[in-house]
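Structure record follows, encoded as structure tokens.
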Amino acid sequence: MLHSELVHIAIVILSYVPLIISIFWSYLNDSILIFLITSVLSSLMDMSFVVAQRYNSPRVKRLMSLIVKEH
């Protein structure tokens with residue numbers, strides 16, 4: 001679960017790369033608003049997975065310890 005959480009955090013960070021590229025390249029300056037909207041929506045979508053994984057992590061750990069105790 002930690003690996004998956006780290007991957008989603010990396011995706012959140014990388015979702016702003018198109019926005020940064022559009023700022024530095026002059027022919028993409030007209031599209032900055034579109035890149036901003038898509039970057040924010042993408043990062044919010046992936047952050048929902050991070051929140052769900054952090055919420056479920058203690059429950060999964062507890063369930064795994066119960067399974068180990070039974071066997």
Side-chain angles (χ1 to χ4, degrees):
M1 289 188 73
L2 177 64
H3 180 265
S4 179
E5 182 180 334
L6 292 175
V7 167
H8 281 287
I9 290 173
I11 292 171
V12 167
I13 294 168
L14 291 175
S15 69
Y16 290 97
V17 169
L19 180 64
I20 294 168
I21 291 172
S22 71
I23 290 171
F24 290 115
W25 283 356
S26 62
Y27 71 92
L28 292 174
N29 282 339
D30 298 336
S31 322
I32 289 178
L33 183 61
I34 294 170
F35 285 115
L36 176 67
I37 292 170
T38 56
S39 294
V40 169
L41 290 177
S42 173
S43 65
L44 288 175
M45 180 80 148
D46 274 308
M47 280 305 291
S48 66
F49 294 118
V50 172
V51 169
Q53 288 167 348
R54 286 197 179 176
Y55 177 78
N56 289 325
S57 181
R59 290 164 181 76
V60 171
K61 288 178 184 176
R62 187 173 49 225
L63 180 63
M64 288 175 63
S65 68
L66 288 175
I67 290 173
V68 169
K69 286 180 183 178
E70 287 181 3
H71 295 290

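Listed by chain and number, the residues in a side chain to side chain donor-acceptor pair (under 3.5 Å) with Ser4 are Gln53 (sequence neighbours excluded). Scanning for side-chain contact (heavy atoms from CB on, under 4.5 Å) contacts around Val17 gives Leu14, Ile21, with sequence neighbours left out. For Phe49, the ring pair (Phe, Tyr, Trp, His ring centres under 6.0 Å) partners two or more places apart in sequence, or in a different chain, are His8. By the side chain to side chain donor-acceptor pair (under 3.5 Å) test, Ser43 is found to be paired with Tyr16, residues two or more places apart in sequence or in another chain being considered.
Clustering of Ile, Leu, Val, Met, Phe, Trp and Tyr by side-chain heavy atoms under 4.5 Å joins Val12 with Ile9, Ile13, Met47, Val50. Chaining together hydrophobic side chains whose heavy atoms lie under 4.5 Å apart places Ile11 alongside Val7. Within the hydrophobic cluster formed by Ile, Leu, Val, Met, Phe, Trp and Tyr side chains joined at under 4.5 Å, directly or through other members, Leu6 is accompanied by Leu2. Listed by chain and number, the hydrophobic cluster partners of Leu66 come to none, as no ILVMFWY side chain reaches under 4.5 Å of it.
Sequence neighbours left out, not one pair with a member in residues 52-71 passes ring-ring contact (aromatic ring centres under 6.0 Å, His included). Within the structure, salt bridge (Lys or Arg N to Asp or Glu O under 4.0 Å) pairs that include any residue of residues 41-61 comprise Glu5-Arg54 (at least two apart or interchain). Applying the side-chain hydrogen bond (donor to acceptor under 3.5 Å, both in side chains) test to every pair with at least one member in residues 31-41, sequence neighbours left out, gives no pairs at all. Sorted pairs that involve residues 10-38 and meet salt bridge (Lys or Arg N to Asp or Glu O under 4.0 Å), not counting sequence neighbours, are lacking altogether.
Ile34 and Ile23 fall into different hydrophobic clusters, where Ile, Leu, Val, Met, Phe, Trp and Tyr residues are linked whenever their side-chain heavy atoms come under 4.5 Å apart, directly or through other members. In the hydrophobic cluster analysis, where Ile, Leu, Val, Met, Phe, Trp and Tyr join through side-chain heavy atoms closer than 4.5 angstrom, Ile32 is grouped together with Phe35.
Annotation: the span from Ile20 atom CD1 to Trp25 atom CH2 amounts to 13.0 Å, rounded to 0.5 Å.
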